[in-house]
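Taking it in order: structure first as structure tokens, then the write-up.
We use all heavy atoms of the structure for the numbers below, so side chains are in, but hydrogens, waters and symmetry mates are not. Values in this document were obtained by computation on a predicted structure and should not be read as measured data. Indexing begins at 1, ligand by ligand and atom by atom, following the structure's order.
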Amino acid sequence: MCGIVGYIGQEQAAGILLDGLSRLEYRGYDSAGIAVISDGKLTIRRAQGKLSKLREMIHSQSPEGKIGIGHTRWATHGRPSETNAHPHRYGKVTVVHNGIIENFSELREALIKKGHHFSSETDTEIIAHLVDEELGPKTPTLTAFRRALHRLKGSFAVALLHEFEPDTLYVARSGSPLVLGLGEGENFVASDVPALLPYTKRVLFLEDGEVAVLSRKNIEIETLDGKKVQREAKTITWTLAMAEKAGYKHFMLKEIFEQPRALADTLRGHLDLVKSNVHGDGSGEIFKTKADLEKIDKVYIVACGTSWHAALVGKYFLESNLKTLVMVEQASEFRYRDPILDKNTLVIAISQSGETADTLTAIRNAKAKGAKVLSIVNVVDSSIARESDGVLYTYTGPEIGVAATKTFTAQIAALHLVGLLLGRKKGSYKKDEAEKFLHELLEVPGKIDEILKQAESIREIALKYAHSEDCLFIGRGPQFPIALEGALKLKEISYLHAEGYPAGELKHGPIALIDQGSPVVAIALQDDYYEKMMSNIQEVLSRQASVVVLATEGDRKISSLAADVIYLPRMHPFLTPILAAVPMQLIAYYIADHRGHDVDQPRNLAKSVTVE
Ligand code: F6R
């Protein structure tokens, strides 16, 4: 997730672009840059690090120009650096981009064969090369732009400048957002509304598969195939604070709703890798040969908190497809033990921030003993990513709410990709089965969307329990970690006492807690554990608990048993934990909000725990 801005008008563009970028910093902040045109000359300024670095640079020497584009980056392809910062230029063409170009390796190789030289590691630079290649004496920029976009697979929002066209700004989108702002003698473009609000409230939302051409007086929209599009402008009534959260009350809620996009990007960003065509972020390179991988006799997954819950879910899939022992450990315990680690051990570290001190120390200890380390990280080039032998990034964009949501489900999806990648390489996962599973994995974002459509009824259910003081979450198999995660979410933002338990353990102690009206959230999907879960639900019901059940859509039996049922789409049992996580997040969110807590910054918690 990155932020794009563009301006064409009567004012100096640099200040307006910087101001817009500052309102989009929540979309990414590892580097930033702008490009402006004046007197037939295009000037680019870029800086690694937060926007303040770019601001300092521009403050000392502001480039002139009344048309420009800007970008704040959250790295995907290519580490955060000045050379990978946008804008990217090739020939007469300069672009900024948000999204992931899936076929970038193939396009890049083809361009290199034709003699193109690349100055960055990004997928974005490809776009400038392709448009420049399509330009010709009889081919106008718009045609070249459209032709180049037709060659891209993946998601993009792009803003483009042609060095010799100081009166035109080109933009396009497919899968990544772009909104156009209408002014008097000036027009704007941005990834999101907050960047536009200080300048105009009249906007046009660009749709997927559309290109727009902005001049000072006019905006023309057409499809990628050149058909004109007529669209009415809308007037935005949001305040700036509302707009930053896209109209959601809290970042956490926004991030819960972002999950279809976050998962789609994480999956799409690694598809080539899984098909073993390229080495993506480097994770394919840890094991150069099948023989290297066969030597691995055990796998440890180490992580903390929510990331540890993702690890627990991943164990089921990995063990089943690698046919290797997989152990999951809390990094804060693992680092102080003396685990059996050697060159035949693979350690998978999972961390949103990539800076968690316990996880970082755990991988340092593991490496010192010769183990190979593969990490699943959200923040590109963070310490854990840098110190691992290989890394597979979750492309969720920055997570601002302290409680992890979109990164959790993306971590599970990433673990599935690791399982597919290594299982295929080792030959322990049959090709046709792996392909079938991958196909279903790609359907997960759409299924999450279906669950999010039930948010209002989930809220109604959650609010019935908002005044309780404790809550028990139960599940079995790969749903047990989701019970743990449901309890953790509720604890950390609503300050209620909550426990997650494997349902089979109820009779060994926790059932003593059950009394009339005790809330129990049970995950009872139609999988191998269904009958056992039904018995556990009967057990707590007979002690007069109030049960909320997460069930498989179409399960009529469950509705006669429990008053509150949340239905989840039917999917492969290894994939349903991702789906079950979503109602858990919503339940915690609605209860915490109802109780009036600061959901995004719960007491005593920090987003990144860099101390022991
Ligand atoms: C809970 C939460 C924490 C983190 C934990 C690990 O919502 O966010 O439990 O999961 O502190 O952090 P990372 O993943 O950054 O290593």
Practice task
Verify whether one side chain among Y465 and D564 offers a donor that lies under 3.5 Å from an acceptor in the other.
Solution key: yes
Handout entry: R595 to Y495, cation-pi by 6.0 Å centre distance and 45° axis angle
Key = no
Exercise for the section: Describe, in one word, how the ring planes of H86 and H71 are oriented to each other, choosing from parallel (under 30°), tilted (30 to 60°) and perpendicular (over 60°). Expected result: parallel
Completion exercise
Residues pairing under side-chain hydrogen bond (donor to acceptor under 3.5 Å, both in side chains) where one sits in residues 444-458, two or more places apart or in two chains, turn out to be E456-R459
Problem - Geometric class of the F574/H416 ring pair [parallel <30°, tilted 30-60°, perpendicular >60°] - result: tilted
Problem - Neighbouring residues of ligand 1, heavy-atom cut-off under 4.0 Å - result: C304, G305, T306, S307, S351, Q352, S353, T356, V402, A403, A404, K489, E492
Problem - Pair F317 and F437, ring centroids less than 6.0 Å apart - result: yes
